[in-house]
Amino acid sequence: MFNLLSLTDLSHSIVSTLSGSLGVWYAVLYNFIGVIAIAVKVTETQMKKRSKILFFACICYALWITYFILNGNFTNAIVNTVGIIQLFVFAQRGKHKWADSYFWLAFFIAVQIVASFFTWSSWLSIFSIVAGLISTVAYFVIDEKLYRYLFAALISLWVINGIVYFYWIALIHDVFALISIIIAIVRYNILGNKKEMAKDQNQENTAKID
């Protein structure tokens, strides 16, 4: 039966085979993938348009799927796999009516919950699971400003996850991402709002003078 045990065995098999073949270069390989993911995630958080946010998010998900598989953690790998699939669907929002349906939000949340049930290893899995659920909502919403607030919440959970498992590359990634999203919130959500309000006020004053 294809269950958690078989997934765990497969994971351990991959790790032992590759680490045995590559030796010290095995650690270099997955850590290099993690470093690239850091750069991609920081780039994603600084994007203003939703289309660019989703594009870089897809690349980042693919990199972390590889990273977690190489580390033998299928819980985190499957959470990220579901994430990249849903991104392809959410990217169609605003373009096709079928993609705008809230059915997809409910569907992918359900998929996350089911996938988490089959890959649950301990109570420590809760951080990546909840982060995955918030991620689903964050990438579903159209409003880029709301996305940033949700992303700040989910990346905080990934920071805790990185501390718990001591995936130091993942932890560095998440700390950089958290700092970057805070900068983006200040840059676009707070200062951007003030600029828009000032612009509207100037237009209103101009209209009164006319």
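- Between Thr45 and Ala177, the shortest heavy-atom distance links the atoms CG2-O, 4.2 Å.
- Looking only at distances, no side-chain donor or acceptor of Ser135 sits under 3.5 Å from a matching main-chain atom of Ala131.
- Ring pair Tyr67/Trp64 is perpendicular by interplanar angle, where above 60° counts as perpendicular and below 30° as parallel.
- At a threshold of 4.5 Å between non-hydrogen side-chain atoms, the residues Thr136 and Phe140 do not count as touching.
- Remark: aromatic rings of Phe108 and Phe90 are close, center separation under 6.0 Å.
- The minimum heavy-atom distance between Ile109 and Leu133, with the atom names listed, is O-CD2, 3.8 Å.
- To the nearest 0.5 Å, the span separating CD1 on Ile129 from CG on Asn161 amounts to 10.0 Å.
- Taken from CE in Met47 to CG in Leu54, the straight-line distance is 12.5 Å, to the nearest 0.5 Å.
- The two residues Ala138 and Leu154 make their nearest non-hydrogen contact at CB-CD2, 4.1 Å.
- Annotation: side chain of Phe151 is in contact with side chain of Lys41 (closest heavy-atom distance under 4.5 Å).
- One distance of note links OG1 of Thr81 with CD1 of Ile85; it measures 6.5 Å at 0.5 Å rounding.
- The backbone N or O of Lys145 lies less than 3.5 Å from a partner atom in the side chain of Asn189, making a donor-acceptor pair.
- Ile172 has its side chain out of reach of Val35: every pair of non-hydrogen atoms, C-beta onward, lies at least 4.5 Å apart.
- Here the closest heavy-atom approach between residue Ile84 and residue Ile65 is recorded as CG2-CD1, 4.2 Å.
- Smallest separation of non-hydrogen atoms from Leu150 and Ile134: O-CG2, 3.6 Å.
- In this structure the side chain of Ser51 never reaches within 4.5 angstrom of the side chain of Phe55, judged on heavy atoms.
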Check the pair Tyr26, Leu70 against side-chain contact (heavy atoms from CB on, under 4.5 Å), reporting the backbone distance first and the verdict last.
CA-CA 9 Å; Tyr26 181 65; Leu70 292 176; 3.7 Å; yes

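- Both tests do not hold together for Arg50 against Tyr147: distance to the six-membered ring centre under 6.0 Å, angle to the ring axis within 45°.
- One distance of note links CG of Leu171 with CG of Leu178; it measures 10.5 Å at 0.5 Å rounding.
- Atoms CD1 and CG, from Ile59 and Leu63 in turn, are 7.5 Å apart once rounded to the nearest 0.5 Å.
- Ile142 and Phe56 sit in two unconnected hydrophobic clusters of ILVMFWY residues. Membership requires side-chain heavy atoms under 4.5 Å apart, directly or through other members.
- With values rounded to the nearest 0.5 angstrom, Ile190 atom CD1 is found 10.0 Å from Ile182 atom CD1.
- In this structure, Trp98 and Phe103 have side chains that are not in contact, with every pair of non-hydrogen atoms separated by 4.5 Å or more.
- Residues Cys60 and Ala37 approach most closely at SG-O, 3.7 Å, considering heavy atoms.
- Between the side chain of Ser180 and the backbone N or O of Phe176, no donor-acceptor pair lies under 3.5 Å.
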Full working for side-chain contact (heavy atoms from CB on, under 4.5 Å) between Gln46 and Arg187: CA-CA 9 Å; Gln46 292 303 311; Arg187 182 182 177 190; 3.0 Å; yes

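- You'll find the side chain of Tyr139 reaches within 4.5 Å of the side chain of Ile53, heavy atoms only.
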Working for side-chain contact (heavy atoms from CB on, under 4.5 Å), residues Lys48 and Lys52: CA-CA 8 Å; Lys48 188 173 183 179; Lys52 292 182 178 179; over 6 Å; no

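- In this structure, the side chain of Asp100 does not engage the main chain of Arg93 through any donor-acceptor pair within 3.5 Å.
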